[in-house]
Each structure stands twice: as structure tokens, then as C-alpha cells.
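Read the structure below first, then the notes.
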Amino acid sequence: MPLKDKEIEKMFYSIGEVAEMFQVNTSLIRYYENEFEQLHPAKSTKGNRQFTKNDIETLKLIFQLINENGYTIPGARNYLKANYQTARAKQQQLNILTELKQFLIDLKGQL
């Protein structure tokens, strides 16, 4: 997945920052916002999208389904409609295991 290893620490992220995290164009983020009902960033009074940590995690899940698992956009949309909570739980477990793996690699390098 193209997400850079940058910790999510702010409360809100602009669409440009999110696009940079995933190394994609902002138009793709806007397209996914229209295609997936689970992705609904808040909008400021000026109409700027404000993505939360939850929105970014949902985008991670969408990118994983499409890019890594080979789902089509309609297939990913249907999968998320039926299994959103289960998919989020699996993704959280995967994130924890990935962090643990990196910790162990770092620890091995220090030996």
C-alpha cells in the first residue's frame, strides 16, 4: 500500500495532505468520496474537506481492497456495505501486527 509511514497526529487533514500520504492525486480521493458511502469527510464553511483519522483509516481500507486484494470499485463498495465493521477490525489487527513486526526488526538491528 502506498501510504507513507507518517503517524496520524492531527485532528483534521486537508485533501492535499491525504493525497500526499497515499501518493495519489486529489481527484482520486474526491472520486472515492463519491463512490464509497463510508467515506464522508467533514467540510469547512468554505467547503474544504477535513479528513479525520477515521476517514484516513477508511481510505486505507479502500486502497487495500482495490490495490492489494484486486477488488473492482463496485466490488469493494459492495464488500464494504456488507462487511465494514469486520473489515475495519481486521485492518486494525493488521496495523498492530505490522507495528510489532517493525519493532522486532528495529530491535534485531540494535543487537
Side-chain angles (χ1 to χ4, degrees):
M1 187 163 24
L3 179 68
K4 291 182 181 177
D5 292 333
K6 180 179 178 184
E7 285 295 318
I8 300 172
E9 49 203 36
K10 291 171 41 175
M11 191 169 184
F12 293 107
Y13 290 86
S14 70
I15 191 168
E17 291 172 320
V18 174
E20 186 179 315
M21 282 182 202
F22 287 95
Q23 299 176 342
V24 297
N25 292 329
T26 56
S27 59
L28 183 61
I29 305 294
R30 285 191 296 272
Y31 176 71
Y32 284 169
E33 179 186 354
N34 291 330
E35 291 295 317
F36 294 93
E37 64 187 38
Q38 295 82 6
L39 183 62
H40 43 81
K43 292 192 179 177
S44 69
T45 55
K46 293 181 178 181
N48 296 332
R49 289 165 179 83
Q50 298 175 323
F51 290 85
T52 62
K53 181 179 178 181
N54 188 39
D55 294 324
I56 293 171
E57 292 297 323
T58 301
L59 267 173
K60 280 170 120 175
L61 182 57
I62 291 168
F63 274 98
Q64 180 184 7
L65 288 172
I66 293 172
N67 297 332
E68 293 179 13
N69 297 352
Y71 279 78
T72 62
I73 290 175
R77 185 183 321 117
N78 291 337
Y79 178 82
L80 288 178
K81 279 183 183 177
N83 305 306
Y84 182 68
Q85 294 301 327
T86 305
R88 285 294 301 267
K90 286 181 182 179
Q91 183 187 28
Q92 289 173 349
Q93 291 171 350
L94 182 63
N95 290 344
I96 291 169
L97 290 173
T98 302
E99 289 175 13
L100 179 61
K101 178 182 176 183
Q102 188 59 47
F103 172 76
L104 292 173
I105 289 171
D106 293 343
L107 186 63
K108 181 181 176 184
Q110 293 175 2
L111 295 177

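All values below were derived from every heavy atom in this structure, side-chain atoms included, with hydrogens, water molecules and symmetry-related copies excluded. We count residues from 1, following the sequence as given.
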State the [atom1]-[atom2] distance between [X] and [Y], to the nearest 0.5 angstrom.
X: Phe63; Y: Met21; atom1: CZ; atom2: CE; answer: 12.0 Å
X: Ile56; Y: Lys53; atom1: CD1; atom2: NZ; answer: 9.5 Å
X: Gln38; Y: Leu59; atom1: CD; atom2: CG; answer: 11.0 Å
X: Leu80; Y: Gln85; atom1: CG; atom2: CD; answer: 10.5 Å

> Between Leu104 and Lys108, is a side chain to side chain contact (heavy atoms under 4.5 Å, CB included) present by the stated rule, with each step listed?
Replying inline: CA-CA 6 Å; Leu104 292 173; Lys108 181 181 176 184; over 6 Å; no

> For residues 75-92, which residue pairs qualify under salt bridge (Lys or Arg N to Asp or Glu O under 4.0 Å), counting only residues two or more places apart or in two chains?
Replying inline: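 Counting only pairs at least two positions apart or across chains, the salt bridge (Lys or Arg N to Asp or Glu O under 4.0 Å) contacts touching residues 75-92 are Glu35-Arg77.
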
>> Donor-acceptor check, side chain of Asn78 to backbone of Gly75, threshold 3.5 angstrom: yes or no?
In response: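 No.
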
> Members other than Phe12 in its cluster, when Ile, Leu, Val, Met, Phe, Trp, Tyr link by side-chain heavy atoms under 4.5 Å?
Replying inline: Met11

> With a cutoff of under 4.5 Å between side-chain heavy atoms, which Ile, Leu, Val, Met, Phe, Trp and Tyr residues group with Ile96?
Replying inline: none

> Got a sec, which residues hit side-chain hydrogen bond (donor to acceptor under 3.5 Å, both in side chains) with Asp106, two or more places apart in sequence or on another chain?
Replying inline: Gln102

> With sequence neighbours left out, which residue pairs that include part of residues 79-101 fulfil the ring pair (Phe, Tyr, Trp, His ring centres under 6.0 Å) condition?
Replying inline: Tyr71-Tyr79

Side-chain donor-acceptor pairs of residues 24-33 under 3.5 Å, sequence neighbours excluded:
from  : atom 1 : to    : atom 2 : distance (Å)
Thr26 : OG1    : Arg30 : NH1    : 3.4
Glu33 : OE1    : Arg49 : NE     : 2.4

>> Could you report the tightest heavy-atom contact between Glu57 and Gln91, atom names first, then the distance?
In response: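 Scanning both residues, the minimum pair turns out to be O-OE1, 3.2 Å.
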
> Do Phe22 and Ile73 sit in the same hydrophobic cluster, where Ile, Leu, Val, Met, Phe, Trp and Tyr count as joined when their side-chain heavy atoms come under 4.5 Å apart?
Replying inline: yes

> With a 3.5 Å cut-off and no angle check, do the side chains of Asp55 and Thr58 form a donor-acceptor pair?
Replying inline: no

